[in-house]
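Taking it in order: structure first as structure tokens, then the write-up.
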Amino acid sequence: MTKEYKRYMVTAALPYANGPKHIGHLAGAYIPADVYVRYLRLNNKEVVFVSGSDEHGTAIPNQALKENTTPKAIIDKYDALIRDCFHKLGMSFDIYHRTSEPIHHETSQQFFKKIYDKGLLTEETSEQYYDDDAKVFLADRYIVGTCPKCGHPNAYGDQCEKCGSTLSPSELINPRSTLSGKPPVLRPTKHWYLPLQNYEGWLKEWILDSHKEDWKTNVYGQCKSWIDAGLQPRAMTRDLDWGIKVPLPNAEGKVLYVWFDAPIGYISATRALFKELSEGKKEFATPQSTFNSPKVDDWKKYWQDGETKLVHFIGKDNIVFHCIIFPIMLHAEGEYILPDNVPANEFMNLEGDKMSTSRGWSIEMHEYLEDFPDKPDVLRYVLLTNLPETKDSEFTWKDFQAKNNNELVAIFGNFVNRALVLTQKYFDNKIPALGALTDVDQKVIADLKEFPSRIAESIENYRFREATAQLIDLARLGNKYLAETEPWKLAKTDLPRVGTILNLALQIAASLSIVCEPFLPFTSKKLKDMLNFSLENWSDAESSSLLKIGHQLGEVKLLFEKVEDEVIETQIRKLNDKKKMMEQLAQPVEPAKPEISFDDFSKMDIRIGKILKAERVEKSKKLLKLQVDTGIDTRTVMSGIAEHFSPEEVIGKQVTILVNLAPRKIMGVESQGMILMASDKDGKLRLLQPSEIVAPGSKVS
RNA sequence: GGCGAGGUAGCUCAGUUGGUUAGAGCAUCGGAUUCAUAACCCGAAGGUCGGCAGUUCAAAUCUGCUCCUCGCUACCA
């Protein structure tokens, strides 16, 4: 698919404004998006680049509770923090908007109303969890309980933060409301669903057939997996008082599902951009180009014209929403274009472990910027060279240091410095004249000419690591040229020849200043200042005569500085300290359950039994089939402990067993009773045993 | 267990319409050099391309099986 498009609409995932964002997010979506967009602008393409804070959904009020404040205060705080970090890292959004803005509410409601009026939504009443004391329906996030996957006692109804599993409240063991602490009750409620299954055929054709070649395998594979699994109706509304009101009568207390409104945020942001520009305002807009005489409706060109190329940059966790649900929404609405590509990245790990803000194993954007305020480009560069483009990648501080010292300082910075210092020394900081060209000169001119188009090809195919490597290769070309021609030696005998060499070396530096702009915008600016140069066209970078003879150069500075060992050691220590602190902070001791009577307790018949036999259950990772001598009888119990115990090590062990639990068929086998386990903070299970051996059948009371 | 992604040099990663001696950067070793932030430049070494079998004149690349890692999903305390 190499359709020529007239303009580009580029989106970067809306960061969820419930906390700070880390460098993994940058590597996943923002940096590639920014490089792509800056490159397009240098090519004089019409492009709009939007992002913004995602400020609805259940986790926002939840975070407000945690921080003992209001949802509004939460979004204001994190929107400001993230916005500031993005700015300092050079993210060149034309607008960074907020989903709490009125124009977004309006856009989302119109969108919803339109597909509702077309009869494309179904109404269904279902049983949802309700807190009788607080008199509200409980969003998934407001229900906590024991995680069925890892045993974490404070897993949320939508996700376990310990093991990262996606959950639904009904899966939680001992669910309880975070508002009242009581177990929630089920209560009927009406919601509007988007019947995704109706679009299955269309989706298959659109993704599986027409994007097999041009979408990344990880993206395509995940879409295929979802489609093949069969699509289900998905609720587009929620019972919640935080969010966008459902624009229908009798919809009190209902808001749009955050994943319905969030992607529409891209559209709202674009609307807001052109509204502000047409009114001459700049509240959120930070236009990076002129958009000649923008009109309020110009956003439509970017969202509804088939000659616009729409590209979503996201992390892999967002694939299903951007490739399946949002396109279905756009298609259902009828007037919108679809993404041409969704070049989702995988995840970036940190020093051998998964990055996680809640576990403290992360480098948050603001933390980096506090410690390295003058090095946004270094982070951009290191992340670029290690983007998780085809598989999860890894960030280490040692690698950060090596990339900075060996590549940015030693190759890029050093080349520029050599060329400039020599020119200062021999030619009074002016571009020297070009004399007769040797074969070496001709070769370097020809090589230089190749770079911009090669780098361009990599960027256009979303291969940003490759593009970045080629950028450094251009600096290598310069270093090699100087090493081959050795102008410092010729200075005593043939100054005009030295002039020719330095002229060409400086042309390479000028080319670098253009080509590096998408990757290292701050460095580009600095280098241009040093060259006293300001051209801004990608294709100019092919030229080896950008700097005219006699042109006065600016002040020579160092582009990059070395990062010393101590700095790296400090960061690694800081990381480990933070993790320890979070571990202590997050003592997940489950609050007590509601009171019960002695009668309730005495209904349970708990005994000590002995495991006689144990075997793995076929087709199950977690189950062991146990034969237990309960003293009363020998019975079969299915127990989900296979990931913690092998059959061999459990045979002969005494265990605590609930013997009068109603039998239940599990994997086709009737399980008679339940083995009691202690589940540790880390989710590890331990047997409950008497301190000394007791007779099988001994009662526990 | 099902589905998806991945397993290529010490490290981080490229590389599939199957085709000559499998690539890059870093790290290592050797050489050359001193204009430059002791940097640059040249060269060497380093891989049974997870394993087994198959298709083929030819397999990192295609097929089947298998092992390992990650994600989603199922069983479960």
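Throughout, a chain's letter reflects where its sequence line sits, starting with A, and its residues are numbered from 1.
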TODO: Let me know, please, whether A:Lys480 or A:Gly673 comes out on the 5' side of the other along RNA chain B by nearest nucleotide.
DONE: A:Lys480

TODO: Just call it for A:Lys403: base, sugar-phosphate, or nothing, with non-hydrogen atoms closer than 4.0 Å on any strand.
DONE: nothing

Open item on the list: Please confirm whether the ring centroid of A:Phe400 lies under 6.0 Å from the ring centroid of A:Phe372.
Closed with: yes

TODO: Sort out the partner of B:U17 for me: Watson-Crick or G-U wobble, both distances under 3.5 Å, none otherwise.
DONE: none

Open item on the list: Any base atoms under 4.0 Å from A:Lys489, or only sugar-phosphate, or nothing? Heavy atoms, all strands.
Closed with: sugar-phosphate

TODO: Quickly work out the A:Glu394 CD to B:G6 P distance and round it to whole Å.
DONE: 19 Å

Task: Pairwise C1' distance, B:C49 and B:A60 [rounded to whole Å] - done: 4 Å

Task: Along RNA chain B (nearest heavy atom to each residue), the more 5'-positioned of A:Trp488 and A:Phe347 - done: A:Trp488

Task: Per A:Arg476 side chain, nearest of listed nucleotides B:U34, B:A36, B:G25 - done: B:G25

- [ ] When you get a sec, tell me which of B:U12, B:C35, B:U37 is the closest nucleotide to the side chain of A:Lys562?
- [x] B:U37

TODO: Starting from P on B:C26, measure out to CG on A:Asn386 and report it in whole angstrom.
DONE: 15 Å

Task: Which nucleotide in B:U37, B:C40, B:C70 has an atom nearest any side-chain atom of A:Ile411 - done: B:C40

Task: Heavy-atom neighbours of A:Glu457 CD exceed 12 at 6.0 Å - done: no

Open item on the list: Would you say that more than 12 heavy atoms from the other residues, nucleotides or ligands in this model lie under 6.0 Å from the CD of A:Gln442, or not?
Closed with: yes

Open item on the list: Under 3.5 Å, is there a donor on one side chain and an acceptor on the other for A:Asn345 and A:Lys216?
Closed with: yes

Open item on the list: Are A:Tyr381 and A:Phe519 an aromatic pair, judged by ring center distance below 6.0 Å?
Closed with: no

TODO: Pick the C1' atom in B:C13 and in B:U8, then give their distance to the nearest Å.
DONE: 10 Å

Open item on the list: Suppose we define a pair by two distances each less than 3.5 Å, Watson-Crick or G-U wobble; what does B:G47 pair with here?
Closed with: none

Task: Complement of B:G30, any strand, by Watson-Crick or G-U distances under 3.5 angstrom - done: B:C42

- [ ] With the side chain of A:Ser225 defined as its heavy atoms from C-beta on, choose the nearest nucleotide among B:C13, B:U37, B:G4.
- [x] B:G4

Task: Pair assignment for B:C3, Watson-Crick or G-U wobble, requiring both distances under 3.5 Å - done: B:G71

Task: Gap between atoms CD and C1', on A:Glu407 and B:A24 respectively (whole Å) - done: 11 Å

Open item on the list: Classify A:Leu559 by what it touches in the nucleic acid, base, sugar-phosphate, or nothing, heavy-atom distance under 4.0 Å.
Closed with: base

TODO: Work out which heavy atom in A:Cys323 is nearest to a heavy atom in A:Cys223; give both atom names and the distance.
DONE: CB-SG, 3.3 Å

Task: Heavy-atom neighbours of A:Asp439 CG exceed 12 at 6.0 Å - done: no

Task: Inter-nucleotide C1' distance (B:A44, B:U63), Å rounded - done: 40 Å

Task: Interatomic distance where NZ belongs to A:Lys354 and P belongs to B:C72 [whole Å] - done: 7 Å

- [ ] Report which part of the nucleic acid A:Asp392 touches: base, sugar-phosphate, or nothing (heavy-atom distance under 4.0 Å, all strands).
- [x] sugar-phosphate

TODO: Please determine, for the side chain of A:Val421, which listed nucleotide (B:A36, B:U37, B:C70) has the closest atom?
DONE: B:A36

TODO: With the side chain of A:Arg465 defined as its heavy atoms from C-beta on, choose the nearest nucleotide among B:C26, B:C13, B:A36.
DONE: B:C13

Task: Interatomic distance where CD1 belongs to A:Ile207 and P belongs to B:G4 [whole Å] - done: 15 Å

TODO: Consider the side chain of A:Asn479, meaning its heavy atoms from C-beta on, and name the nucleotide among B:C40, B:C70, B:U37 that approaches it most closely.
DONE: B:C40

Task: A:Leu676 side chain reached by A:Ile657 side chain, heavy atoms, under 4.5 Å - done: no

Open item on the list: Parallel, tilted or perpendicular, judged at 30° and 60°: which one describes the rings of A:Trp397 and A:Phe395?
Closed with: perpendicular

Open item on the list: Check the phosphate of B:G6 against A:Thr217, side-chain N and O only, distance under 4.0 Å to OP1 or OP2. Yes or no?
Closed with: yes

Open item on the list: What contact category does A:Ser393 fall into here, base, sugar-phosphate, or nothing, at under 4.0 angstrom with non-hydrogen atoms?
Closed with: sugar-phosphate

Open item on the list: With rounding to the closest Å, how many angstrom separate the P atoms on B:U34 and B:U21?
Closed with: 40 Å

- [ ] Give a yes/no on whether any side-chain N or O of A:Lys316 is located under 4.0 angstrom from OP1 or OP2 of B:C72.
- [x] no

TODO: Indicate, with a heavy-atom threshold strictly under 4.0 Å, whether A:Met674 touches base, sugar-phosphate, or nothing.
DONE: sugar-phosphate

TODO: Using whole Å, report how far CH2 of A:Trp226 lies from P of B:U73.
DONE: 8 Å

Task: d(CG, A:Leu474; P, B:A24) in whole Å - done: 19 Å

- [ ] Please state the P separation for the pair B:A9 and B:G51 - nearest whole angstrom.
- [x] 10 Å

- [ ] For B:C62, give its Watson-Crick or G-U wobble partner with both distances under 3.5 Å, or none.
- [x] B:G54

Open item on the list: Please tell me if A:Asn406 has a side-chain N or O lying less than 4.0 Å from either OP1 or OP2 of B:A27.
Closed with: yes

Open item on the list: Taking any heavy-atom pair under 4.0 Å as a contact, classify A:Phe560: base, sugar-phosphate, or nothing.
Closed with: base

- [ ] State whether A:Lys391 places a side-chain N or O below 4.0 Å from either non-bridging phosphate oxygen (OP1 or OP2) of B:U12.
- [x] no

TODO: Could you check whether A:Ile675 gets within reach of a base, just the sugar-phosphate, or nothing at all, counting any heavy atom under 4.0 Å?
DONE: sugar-phosphate

Open item on the list: Considering every strand and a 4.0 Å limit on heavy-atom distances, what is the contact class for A:Ala410: base, sugar-phosphate, or nothing?
Closed with: sugar-phosphate

Task: Whole-Å gap separating P (B:C72) and OH (A:Tyr220) - done: 22 Å

Task: From B:C26, B:U37, B:C35, nucleotide with atom closest to A:Leu558 side chain - done: B:U37

